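The structure under discussion appears below in the form of C-alpha cells.
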Amino acid sequence: MEPVISNDVIMPGELLHAFQQRLENSGGVVSFTGQVRPVNSSGIPVKHLHLQAHPTLTRGGIVQAVTEANARWPLEAAAIHHRIGDIASGDTIVFVAAASAHRRAAFEAADYLMDYLKTRAVFWKKEVTECGAEWIEPRQTDHADFSRWTLEGPRHARH
Amino acid sequence: MEPVISNDVIMPGELLHAFQQRLENSGGVVSFTGQVRPVNSSGIPVKHLHLQAHPTLTRGGIVQAVTEANARWPLEAAAIHHRIGDIASGDTIVFVAAASAHRRAAFEAADYLMDYLKTRAVFWKKEVTECGAEWIEPRQTDHADFSRWTLEGPRHARH
Amino acid sequence: MTEITFWGKLADIVGTSKHTVTLPDSVQDTENLRAFLENELGLDGALRDPANRIAINDQIVVEPAALCASDRVAFLPPVGGG
Amino acid sequence: MTEITFWGKLADIVGTSKHTVTLPDSVQDTENLRAFLENELGLDGALRDPANRIAINDQIVVEPAALCASDRVAFLPPVGGG
C-alpha cells in the first residue's frame with residue numbers, strides 16, 4: 001500500500017478497519033498510533049506540532065522502508081499514514097499497521113517501521129508551546145531503538 | 001479497563017477509536033488484532049474456531065496479566081477483548097491495546113499481553129474444518145515467546 | 001456429593017462436561033481423585049496426565065491438594081487463547 | 001543560477017527557505033558550496049555542520065559531491081517524524 005503523507009486529520013479506527021477489510025490470510029494485525037502529547041518532556045503544555053516533509057525524499061524513503069520490512073518479514077500488508085502541517089495536541093501524527101500470518105512478524109514490522117519513521121524518515125518537527133517554538137530532533141533512545149534492526153535479523157538495514 | 005470476554009463480534013476499528021478517545025497523555029498506542037485464518041497450518045480450509053472460557057478463572061487470569069503489565073510498563077491504559085463461542089473464518093478472536101507516553105512501553109505491553117493470552121489465558125480452542133474438529137494447544141513458538149518475559153526478557157521501557 | 005467438571009478436550013474424552021459423584025472415604029486428595037475417576041469412568045489415562053491441571057473451587061491448585069466432599073473440582077487441559 | 005533550499009530549522013537560521021544564486025567558478029563541489037554560502041549569508045557555521053546533510057536534485061549525497069550550476073541543492077537538518 002502506498003504511504004499517505006497528508007495535512008488531513010488521521011482517524012486510526014477507520015484506518016484500522018479499512019486495513020483489515022483488505023486482508024485475506026493474516027492471523028495478526030499490529031497497529032501503532034502516535035499522538036501529540038498535551039505536555040512536553042519539560043512539563044510545558046504543547047499547543048501543536050508543526051511537521052514538515054520534503055516533496056520527494058520523504059515518500060521515497062518511506063517506500064524503501066516498507067520494501068525493507070517486506071523483505072525481512074512475511075507480511076501480507078503494511079500501511080503508513082503520516083500527517084504534516086500543524087497538528088494539535090491530542091491529534092494523531094502517525095498511523096502504522098502491519099499484517100502477517102504470524103503475530104511476531106506483525107509486531108516486529110510495525111516496531112521497525114516506527115523506529116524508521118522516528119529516526120530516518122525525512123520529516124522536520126517543530127514543537128509550539130506558550131514559551132515559543134523549538135525544532136525537535138530524535139532522542140538518543142530513538143536512535144538506539146533503530147540500531148536494534150541493524151545488529152540483528154535476516155538482513156541488514158540500509159541507510 | 002475491565003477485560004471483555006464475550007460471544008459478540010469484535011470490531012477492532014471501533015474499539016481502537018473508543019480506546020484512544022479515553023486517553024489523556026499517551027504518545028503511543030499499540031493494538032493487536034488476532035483473526036481466524038481461513039486456512040490452517042496444514043492448508044485445510046477452516047470453517048470456524050470454537051473458543052471456550054471458564055466462568056471465573058479466565059477473567060481472573062487476564063486481570064492479573066493486565067496488573068502485571070501495568071507493573072512492568074508505565075501504561076496509561078490497556079484493553080483486552082476476547083471472543084468466545086463459534087468464530088467464523090476471517091472474524092476477530094482477540095483485540096488488545098496498550099497506551100503509554102513512550103512507544104516502546106506500548107509495544108512491549110501489547111506483545112506481552114498477547115503472549116500471555118496465547119499460552120496462559122484459560123481458553124480452550126477447537127478448530128473445525130471439513131475433516132472434523134480438533135482441539136488446538138499453544139505451539140512451541142508461543143511458549144518460547146512467553147518465556148522472553150520470564151527469563152531475562154526485554155528490559156523495562158526506557159524513559 | 002462432589003461436582004466434577006471437564007473442560008476443553010477433556011469433555012470430549014470423558015463424554016460429559018459435568019459429573020456429580022459421591023467420593024468414597026479413600027479419596028482424600030487430588031491424586032486419589034485422579035485414580036478414582038480414571039477407574040470409575042473407564043478412561044485411558046487422560047485424568048492421570050499432569051498436563052491436565054485441577055482447580056478446586058475456582059483456584060488452580062498445586063498437587064497433591066486435599067479435597068472436601070463439598071468441593072467443586074475442575075479438570076483443565078492445556079490452555080491457550082488468542 | 002542554482003536553487004538552494006533550506007529545510008526545517010535551517011530555514012529559520014538562514015531566514016529564508018529558498019535562495020537562488022549564481023555560483024562563482026570556484027564552487028565546484030558541496031564543500032566549496034558550504035563555505036561559499038556561510039560567507040555569503042553571514043552565518044555562524046550552520047551550513048558547515050555535517051549533521052546538516054545535502055541533497056542534490058532530490059538525492060541525498062555522499063560528500064564532497066560535484067555540483068553543476070543547474071543543480072537543485074537542499075540543505076537538510078537531522079530528520080525524524082512520528
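All of these numbers come straight from a predicted model, not from anything done at the bench. To find a chain, count down the sequence lines: A is the first, B the second, and so on, and within it residues start at 1. Atom set for the values below is all heavy atoms of this structure, side chains included, hydrogens, waters and symmetry mates excluded.
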Are the side chains of Pro12(B) and Gln20(A) in touch, meaning some heavy atoms are under 4.5 Å apart?
yes
To check you understand the geometry: which heavy-atom pair defines the closest contact between Leu16(B) and Ser31(A), and what is its length?
CD2-OG, 4.0 Å
What's the spacing between His102(B) NE2 and Arg37(A) CZ if we round to 0.5 Å?
5.0 Å
Side chain, backbone, both or neither of Ala101(A) within contact of chain B (heavy atoms, under 4.5 Å):
both
Quick one: closest heavy-atom pair of Val39(B) and Asn25(A), and the distance?
N-OD1, 4.2 Å
Using non-hydrogen atoms only, which part of Asp145(B) is less than 4.5 Å away from chain A: side chain, backbone, both, or neither?
side chain
Heavy-atom contact with chain B under 4.5 Å, split by part of Thr92(A):
side chain
Chain B contact via Leu15(A) - which portion, at a heavy-atom distance below 4.5 Å
neither
Do you know which two heavy atoms are closest between Ser26(A) and Gln35(B), and how far apart they sit?
O-OE1, 3.2 Å
Region of Phe95(A) that comes under 4.5 Å of a non-hydrogen atom in chain B:
side chain
Heavy atoms only, distances under 4.5 angstrom: which of Ala99(A), Gly13(A), Ala18(A) has the most pairs with chain B? Name it, please.
Gly13(A)
Taking the six-membered ring where the residue is Trp, are the ring centres of Phe32(A) and Phe107(B) under 6.0 Å apart?
yes
Rounded to the nearest 0.5 Å, the NE2 atom of His17(A) sits from the NE2 atom of His17(B) at a distance of 13.5 Å
Quick one: what part of Ala110(A) sits under 4.5 Å from any heavy atom of chain B, side chain, backbone, both or neither?
both
Kindly compute the distance separating CG (Asp142(B)) from CZ (Arg104(A)), expressed to the nearest 0.5 Å.
10.0 Å
In Å, rounded to the nearest 0.5 Å, how long is the span from CD of Glu108(B) to CG of Asp111(A)?
8.0 Å
Is chain A contacted by the side chain of Ala97(B), its backbone, both, or neither, given a heavy-atom distance below 4.5 Å?
neither
